[in-house]
There are 2 protein chains.
Amino acid sequence: MNSASEENYLKAIYKFMYDGNELVGTGALAEMLGVQSASVTDMLRRLSEKGLVRYTKSRGSSLTEEGMQTALSIIRKHRLWEVFLVEKLGFGWDEVHQLAEQLEHVKSDILTERLDIFLGNPSFDPHGDPIPDKEGKLPQKQTLPLIAATIGQRYKISRLGDTSTEFLQYLDKSGLLIGSFIQMIQQEPFDQSVTIELQSGKIIHLSSQVAELLVVEKME
Amino acid sequence: MNSASEENYLKAIYKFMYDGNELVGTGALAEMLGVQSASVTDMLRRLSEKGLVRYTKSRGSSLTEEGMQTALSIIRKHRLWEVFLVEKLGFGWDEVHQLAEQLEHVKSDILTERLDIFLGNPSFDPHGDPIPDKEGKLPQKQTLPLIAATIGQRYKISRLGDTSTEFLQYLDKSGLLIGSFIQMIQQEPFDQSVTIELQSGKIIHLSSQVAELLVVEKME
DNA sequence: TAAAATAATTAGGCTTATCTAATAATTATT
DNA sequence: AATAATTATTAGATAAGCCTAATTATTTTA
Ligand SMILES: [Mn+2]
Ligand SMILES: [Mn+2]
Ligand SMILES: [Mn+2]
Ligand SMILES: [Mn+2]
């Protein structure tokens, strides 16, 4: 049985690997987890001991297959609880992360499976992130960053490349929500900034930085 | 912010006090919590330090007002989660305790309040135990003198209208104790005397004078 | 009320998860 | 390649929460 702390380290390593890094550095983990590097070195040794992490001194770490499955099961719980909080308790999608950080550590496979059924087996969480199934498989969908979108095409906002409170609040203010439909109007060749139309008809302008972080799904 | 372990100690002390003990012994707590007495002594010191427990070396402990409120808020969460697990996820009432033991430690007042609303502000959990409101007040349990009880209904003996030695000895002899479960079998219209069945299956007859002094609590 | 039994505390350890400061290893720059 | 900068590890502490064994305090019994 892993501690909540061990589970948080596994999730952190998973995130780096999911973002394409095949080896994660001690310092990067320390930063993400808000602890000192020395603490990370300690924990990586313990996780390596347990067979969840491949650790090579001073070189970097990665998840073993078992570590990967463990991480996915925690992420599954995190995202299912987020769906619960938004769909059933009426929380906003920007207020559920900290709660899910606690709920994801509740240990019970049967609870997770019953929650999944209660929620109607959702594939994506309120942020548009895929929910692994109980074998750890992620649902697929064809997505791209808004910055690479085609003029005239309609899209649905699918996922966010950043979930900082600042970014979430910015989107909220602009009327951009996960699941909302937009149309690509034009893109400025000079700075890559984009102009889009919301479903309401409102036209807004987004910087390339924002357009890079908005992951969209092509509509038919 | 209290740790899960501290919260479990507070709940344990609360339970003893709720059962009428005004001072709880170290050993009794150790037994209930499944730890050694030495560990309890340590923790009682820490909780006393924090102002949650009144601790007198070798004499016993009790909750302070703040400790009492804290305990009640954990019990509130525990029982609300139990309702959720049974009513919404379809668990049996006998399988939810261990899960609620984990869920009760999730820290968020707003989550508790939204859960409460989602569940329809229940007053009792699936085991018939009262759910404290957010000020820590317990719903009034519905009690009545046995003489006014309904035929066929099950009751728990809740309180005595007389505590004279004679009465206590009479009850003891009859096998009637506070907290014991009984079922109302019949009532004689002529003299109001009642016939009840004990949990043991034994049938006994009580005069109206006695039935007036036995305060019972309706079971589900 | 003295001895015996029971209950509680103290002393000394252990593990996990963290920290700071010092040192070492790796990578980047002249 | 040598030096500087960056990154990671080691060494030594600390706090929470637990343990066992030894000692003390309290209560019961003779
Ligand atoms: Mn989240
Ligand atoms: Mn999410
Ligand atoms: Mn329970
Ligand atoms: Mn209960």
Side-chain angles (χ1 to χ4, degrees), chain A residues 1-13 15-17 19 21-63 67 70-71 74 101-102 104-107, chain B residues 1-13 15-17 19 21-63 67 70-71 74 101-102 104-107:
Chain A
M1 193 98 317
N2 307 306
S3 68
S5 192
E6 289 171 322
E7 293 186 343
N8 288 333
Y9 276 83
L10 293 176
K11 273 204 311 174
I13 301 168
K15 268 168 202 148
F16 279 107
M17 294 179 70
D19 289 346
N21 307 73
E22 68 183 56
L23 238 33
V24 188
T26 302
L29 286 171
E31 157 122 62
M32 176 173 284
L33 292 160
V35 297
Q36 295 304 121
S37 314
S39 309
V40 175
T41 301
D42 273 3
M43 182 61 94
L44 287 174
R45 272 210 212 308
R46 277 195 296 274
L47 293 172
S48 172
E49 220 30 58
K50 283 184 143 190
L52 298 167
V53 160
R54 240 174 270 111
Y55 168 67
T56 320
K57 203 162 101 170
S58 288
R59 288 280 138 150
S61 300
S62 60
L63 294 176
T70 306
I74 302 152
E101 282 296 316
Q102 296 184 64
E104 71 188 359
H105 302 295
V106 172
K107 262 86 173 174
Chain B
M1 191 101 317
N2 306 306
S3 68
S5 191
E6 289 171 322
E7 294 186 343
N8 288 333
Y9 275 83
L10 294 176
K11 272 204 313 173
I13 300 168
K15 269 169 202 149
F16 279 107
M17 292 179 71
D19 289 347
N21 307 73
E22 67 184 55
L23 237 32
V24 188
T26 302
L29 286 171
E31 157 122 61
M32 175 173 286
L33 292 160
V35 298
Q36 295 304 120
S37 312
S39 309
V40 174
T41 302
D42 271 3
M43 182 62 95
L44 287 173
R45 278 220 197 335
R46 278 195 296 273
L47 292 172
S48 172
E49 220 33 55
K50 283 184 140 188
L52 299 167
V53 160
R54 240 174 269 109
Y55 168 68
T56 320
K57 203 163 100 169
S58 289
R59 288 279 142 165
S61 301
S62 59
L63 294 176
T70 306
I74 302 152
E101 283 296 317
Q102 296 184 64
E104 70 189 0
H105 302 295
V106 171
K107 262 86 172 175

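All chains are named by letter (A, B, ...) in the order of the sequence lines, taking the proteins before the strands, and each is independently numbered beginning at 1.
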*Asks:* Would you say A/Thr56 and A/Leu23 make side-chain contact, with heavy atoms under 4.5 Å?
*Replies:* no
*Asks:* For nucleotides 19-22 of chain D, give me every protein contact, N/O to N/O, under 3.5 Å, one pair per line with atom names.
*Replies:*
unit_1, atom_1, unit_2, atom_2, d
D/dC19, OP2, B/Gln36, N, 2.9
D/dC19, OP2, B/Ser39, OG, 2.6

*Asks:* Quick test: give all pairs of protein nitrogen or oxygen and nucleotides 2-4 of chain C nitrogen or oxygen below 3.5 Å, distance rounded to 0.1 Å.
*Replies:*
none

*Asks:* To the nearest 0.5 Å, how far apart are CG in A/Leu52 and CD in A/Glu6?
*Replies:* 7.5 Å
*Asks:* What integer distance in Å separates B/Asn2:CG from D/dG17:C1'?
*Replies:* 15 Å
*Asks:* Could you grab the distance from atom NZ of A/Lys11 to atom CD1 of A/Ile74, nearest 0.5 Å is fine?
*Replies:* 7.5 Å
*Asks:* B/Leu33 has an atom CG; how far is it from atom P of D/dC18, in whole Å?
*Replies:* 8 Å
*Asks:* Provide, to the nearest angstrom, the distance between the CD atom belonging to B/Glu49 and the C1' atom belonging to D/dA16.
*Replies:* 14 Å
*Asks:* Rounded off to whole Å, could you give me the CG-to-C1' distance for the B/Leu23 and D/dT26 pair?
*Replies:* 14 Å
*Asks:* Restricting to side chain to side chain contact (heavy atoms under 4.5 Å, CB included), what partner residues turn up for A/Glu31, sequence neighbours left out?
*Replies:* none
*Asks:* Does the side chain of B/Tyr9 get closer than 4.0 angstrom to OP1 or OP2 of D/dC18 through an N or O atom?
*Replies:* yes
*Asks:* State, yes or no, whether a side-chain contact exists between B/His105 and A/His105 at a heavy-atom distance under 4.5 Å.
*Replies:* no
*Asks:* Just N and O in the side chain of A/Ser3: are any of them under 4.0 Å from OP1 or OP2 of C/dT16?
*Replies:* no
*Asks:* To the nearest 0.5 Å, what is the distance between CZ (A/Arg46) and CD (A/Glu49)?
*Replies:* 10.5 Å
*Asks:* Would you mind reading off the distance between A/Glu31 atom CD and D/dA8 atom P, rounded to a whole angstrom?
*Replies:* 12 Å
*Asks:* Between C/dA8, C/dA17, D/dG17, which one does the side chain of B/Thr26 approach most closely?
*Replies:* C/dA8
*Asks:* Does D/dA16 have OP1 or OP2 under 4.0 Å away from a side-chain N or O of B/Arg46?
*Replies:* no
*Asks:* Would you say the side chain of A/Leu63 lies within less than 4.5 Å of the side chain of A/Leu47, judging by non-hydrogen atoms?
*Replies:* no
*Asks:* Applying salt bridge (charged side-chain N to carboxylate O under 4.0 Å, His left out), which residue pairs with at least one partner in residues 51-60 of chain A are found, sequence neighbours left out?
*Replies:* none
*Asks:* Output all residues satisfying salt bridge (charged side-chain N to carboxylate O under 4.0 Å, His left out) with A/Lys15, sequence neighbours left out; order by chain, then residue number.
*Replies:* none
*Asks:* What do the steps show when you test A/Met43 against A/Val35 for side-chain contact (heavy atoms from CB on, under 4.5 Å), and what is the final call?
*Replies:* CA-CA 11 Å; A/Met43 182 61 94; A/Val35 297; over 6 Å; no
*Asks:* Any side-chain heavy-atom pair from A/Glu101 and A/Asn8 closer than 4.5 angstrom?
*Replies:* yes
*Asks:* Quick check on contacts: within residues 50-57 of chain A, what sits under 4.0 Å from DNA chain D by heavy-atom distance?
*Replies:* A/Tyr55, A/Lys57
*Asks:* Suppose we screen for side chain to side chain contact (heavy atoms under 4.5 Å, CB included). Which residues come up paired with A/Ala38, at least two apart in sequence or across chains?
*Replies:* none
*Asks:* Starting from P on C/dT16, measure out to CE on A/Met1 and report it in whole angstrom.
*Replies:* 15 Å
*Asks:* Listed by chain and number, what are the side chain to side chain contact (heavy atoms under 4.5 Å, CB included) partners of B/Thr26, not counting sequence neighbours?
*Replies:* B/Ser37, B/Val40, B/Thr41, B/Leu44
*Asks:* Is there a side-chain contact between B/Tyr9 and B/Leu33 (heavy atoms, below 4.5 Å)?
*Replies:* yes
*Asks:* What base-paired stems does DNA chain C take part in, with at least 3 consecutive Watson-Crick or G-U wobble pairs and both distances under 3.5 Å?
*Replies:* C:1-30 with D:1-30
*Asks:* Run the side chain to side chain contact (heavy atoms under 4.5 Å, CB included) test against A/Gln102 and tell me which residues pass, sequence neighbours left out.
*Replies:* A/Leu99, B/Val106, B/Lys107
*Asks:* Rounded to whole Å, how long is the line connecting atom CE of A/Met43 with atom P of C/dC19?
*Replies:* 11 Å
*Asks:* Measure all distances between protein nitrogen or oxygen atoms and nitrogen or oxygen atoms of nucleotides 27-29 of chain D, and list the pairs falling under 3.5 Å.
*Replies:*
none

*Asks:* In whole Å, I'd like the distance from the CG atom of A/Leu47 to the C1' atom of C/dT16.
*Replies:* 12 Å
